[in-house]
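Remarks on the structure that follows.
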Amino acid sequence: MPAGAVPAQEQGDGDEDPAFEALRARDAPARGEGRRGAQVEEGYRLGVPDPLVRARAVPACEGPPDGPRDGERGRRPGRRPDGIHPEVSPCGRSGRGQGRSGVTEDWNELIRERIRKADEIRRNGGTPYPNDRKVGWTTEMARRAAGDKSPEELSREEIRVDIAGRIVASRNFGKAAFVVLADRTGRLQAYIRKDKVGDREYDLFLKTTDVGDIVWVEGPLFITRTGELTVQADRYRLLTKAIRPLPEKWHGLVDVETRYRQRYVDLIVNEKVKEVFRRRARIIAWIRSFLTERDFLEVETPMMQPVAGGAAAKPFVTRHNALGMDLFLRIAPELYLKRLLVGGFERVFEINRNFRNEGISTQHNPEFTMLEFYQAYATHEDLMKLTEEMLSGLALTLFGTTVVTVQGETIDFAPPWERITVAGAVARYGGVPEERLSDPEFLRKTAEGLGLPVKGDAAPGRLLVDIFEEVAERRIEGPAFVTEYPVEVSPLSRRNDARPGIADRFELIVLGREIANAFSELNDPLDQRRRFEEQLRLRERGDEEAHYMDEDFLRALEHGMPPAAGEGIGIDRLVMLFTDSPSIRDVILFPQLRKEG
RNA sequence: GAGCCCAUAGCUCAGUAGGUAGAGCAUCUGACUUUUAAUCAGAGGGUCGCAGGUUCGAUUCCUGCUGGGCUCACCA
């Protein structure tokens, strides 16, 4: 408790309540600064204590705050029956008045009503924002304690619980009421009776509590006539007064934009959303322990990098003032994780955000979570096995089976997974004889025939991959490892010993989407330098996503990086798969949107 | 970046072949002590996304803008 604070029970009114301080700071501009000055006269004034009125220059209103309220109905500013639009009065109760400052207040009747109730609590010697209750139980603990006991057993045993949660439903019967409380573990009904909690408490409850408020109840568990486990509250306390109403109980919050922008509301009213993010957390925790058990060390490498490397993507730029330099938000952690292989951490992984300054879609958010892991003395072949183990094990843990249904399609993660080469996939899905795919002229004509943008000097390998992505990738159901990527499109990848034009690399495709990308790592510093130089040439020719030269990374390789394999898995897309979510925004708590109008 | 679609009460949605709008839930008043979208009676609540244009008159028609969704392009 902050120094000088008074225990909530002893407060005469809400004056000392820090939460209330914040609340009224919102309404009353601080002395001398009038950012919302033009707005003040339209702001709510109910229950603003007198000292505040004087100190903050809120216009005082005539009559007691709760006096003429009802009488005012029907002559709200701007809605006078006579059609005359009066100047907004200092005591105006306009909800959505447009102030002359242009600021819009969207405090409507419902919000004003709830603020009035908060004041009602204060007038009765309480506070609408106490923090004086410890909570002993969760709704889940209560359910478990009740088990499958019969109503009779339950009442005999008198299991007393105390739970806290948000009221998500309320059914009122005059002298008794049912409320449904939601906490982090679930929902549970509470039954509040006048003869149990006392007349005064009960009347205040009725007058001041709404759906959306956070409350605490204590009492024995029982089962109602309709068979629902319920807390018979003999003590009750409002813990947080919500002054905004929740969406309606039946349809909930549907508007997609509001769901993303106000995820807090989405989480309150749409239980399935909570489950998606619980599962996301479980997936990440599971992967973390899967790798840790295999002796991988979790590390954190820079998100702000002087050179954005490790992937082909456009970076975000930011500015460090004290250093006087521009920095890039990372597009991948790869080059730093490999530095750690050089340093002797032979197995490392990182689960963290990458940032790519590119389009937004159901598959792309500008910041997204990537798992990358690197294992010394392993090859991409080893990582295929590891990936099979990881994802089939994950599916088994989540669903008890390796068979997962995604968007109506059934995917079986049971190993071994199909393996197909890039050229093989083009041959199979494009109906092209595979041997012709080594003919650069044929590749060029095919790409042009598909309407792909073909640069005059495009490498044959680039063309092959473009064709693959056009005709084959989205048709691979998978899970399938696509192998034998051309070296030209794999500038950080080790060359195949027998076929130097081929990279020892695979991508994991599930439902036509890339879930993982892995390869045996290039650790020949001179070859790596030549690959960077080639990338620079591409960049000079206008390829904005070509890699930059990273001299420090090359210096690290020059010290000797053990032979290794590394892999990246897009966590968001993995979570989409395992939560059957059609959009990446459904698995990111706060997806990137344009700023609100 | 392009195309198509959407924006009406706090929420979910109707609607106006151009004459400033309705329902359900929520809110308020009253009744109701085991309900399950509780019920019953009554009341209030809207610059119909924003800005122009056409018109006697625009929430409705037209144009632009803003925000969102989907598809395509780029990417993971």
Side-chain angles (χ1 to χ4, degrees), chain A residues 69-70 72-74 76 78-79 83 85 94-98 104 106-114 116-117 151 169-180 189-196 202 207 210-212 222-228 230 232 243-262 265 269 311-314 331-332 354 356-371 451-453 466 469-470 507-509 513-517 544-545 568-574 576 582-585 593-597:
Chain A
R69 206 179 315 116
D70 290 348
E72 279 177 10
R73 205 162 268 144
R76 303 159 49 72
R79 302 220 103 229
H85 288 231
S94 161
R96 191 191 276 257
Q98 293 223 317
T104 299
D106 60 353
W107 284 16
N108 62 12
E109 175 199 351
L110 284 76
I111 294 180
R112 286 196 312 274
E113 195 57 52
R114 284 159 172 258
R116 203 210 82 227
K117 290 174 180 177
S170 156
R171 293 176 286 276
N172 192 322
F173 289 83
K175 294 191 179 60
F178 291 93
V179 294
V180 178
Q189 181 170 264
Y191 182 48
I192 301 174
R193 291 168 57 130
K194 191 164 186 165
D195 58 2
K196 296 279 183 187
Y202 187 82
K207 272 198 289 187
D210 294 291
V211 170
F222 77 109
I223 291 173
T224 63
R225 243 180 246 154
T226 48
E228 178 141 352
T230 303
Q232 166 87 263
I243 63 169
R244 281 186 187 271
L246 289 178
E248 62 131 317
K249 55 193 165 193
W250 192 239
H251 302 89
L253 180 62
V254 175
D255 183 83
V256 184
E257 182 177 358
T258 311
R259 286 189 44 224
Y260 295 152
R261 285 195 198 279
Q262 300 179 32
V265 179
V269 301
K314 288 173 216 148
I331 56 177
N354 287 349
R356 298 192 184 173
N357 205 341
E358 286 158 1
I360 296 178
S361 75
T362 51
Q363 306 291 318
H364 302 85
N365 195 60
E367 53 181 306
F368 61 101
T369 301
M370 186 79 147
L371 160 69
L452 299 171
D466 286 348
E469 286 173 356
E470 180 68 19
E507 288 197 3
L508 170 65
I509 308 291
R513 291 188 218 131
E514 179 188 337
I515 297 296
N517 180 19
E544 281 185 84
E545 296 184 354
I569 296 181
I571 293 295
D572 310 277
R573 289 190 179 173
L574 189 67
M576 285 170 71
S583 170
I584 199 168
R585 296 181 201 103
L593 298 174
R594 283 188 172 80
K595 66 182 178 196
E596 274 184 273

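Order of the sequence lines fixes the chain letters, A, B, ..., with proteins taken first and strands second; residue numbering starts at 1 for each chain. Basis for what follows: all heavy atoms, side chains included, without hydrogens, waters or symmetry-related copies.
- B/rG30 atom P lies 12 Å from atom CG of A/Asn172, rounded to whole Å.
- Side-chain N/O atoms of A/Arg171 and base N/O atoms of B/rU35 include a donor-acceptor pair closer than 3.5 Å.
- Checking A/His251 against A/Val180, the closest nucleotide of RNA chain B that is more toward the 5' end is the one next to A/His251.
- The aromatic rings of A/Tyr191 and A/Phe222 sit tilted, their planes meeting at an angle between 30° and 60°.
- Side chain A/Glu228 to base B/rU35: no donor-acceptor pair is found below 3.5 Å.
- Put simply, A/Lys595 has no side-chain N or O that comes within less than 4.0 Å of OP1 or OP2 on B/rG67.
- Base pairing in RNA chain B yields stems of at least 3 consecutive Watson-Crick or G-U pairs, both distances under 3.5 Å, namely B:1-7 with B:66-72, B:10-13 with B:22-25, B:27-31 with B:39-43, B:49-53 with B:61-65.
- Counting only distance, with no hydrogens or angles, the side chain of A/Asp572 and the backbone of A/Thr369 share a donor-acceptor pair below 3.5 Å.
- For B/rG68, the OP1/OP2 oxygens have a side-chain nitrogen or oxygen of A/Arg594 closer than 4.0 Å.
- Remark on RNA chain B: of its neighbouring residues A/Thr362 and A/Pro245, the 5'-side contact belongs to A/Pro245, judged by nearest-heavy-atom nucleotide.
- One finds no side-chain N or O of A/Arg261 lying less than 4.0 angstrom from the OP1 or OP2 phosphate oxygen of B/rG69.
- In this structure, OG in A/Ser361 is found 7.0 Å from CZ in A/Arg585, a value given to the nearest 0.5 Å.
- With sequence neighbours excluded, the residues forming a salt bridge (Lys or Arg N to Asp or Glu O under 4.0 Å) with A/Glu257 are A/Arg261, listed by chain and number.
- Rounded to whole Å, the C1' atom of B/rC6 lies 16 Å from the corresponding atom of B/rC50.
- Applying the 4.0 Å criterion to OP1 and OP2 of B/rU34, one finds that A/Lys175 has every side-chain N and O outside that range.
- Classified by its glycosidic torsion, B/rA23 falls in the anti category, the angle being over 90° from 0.
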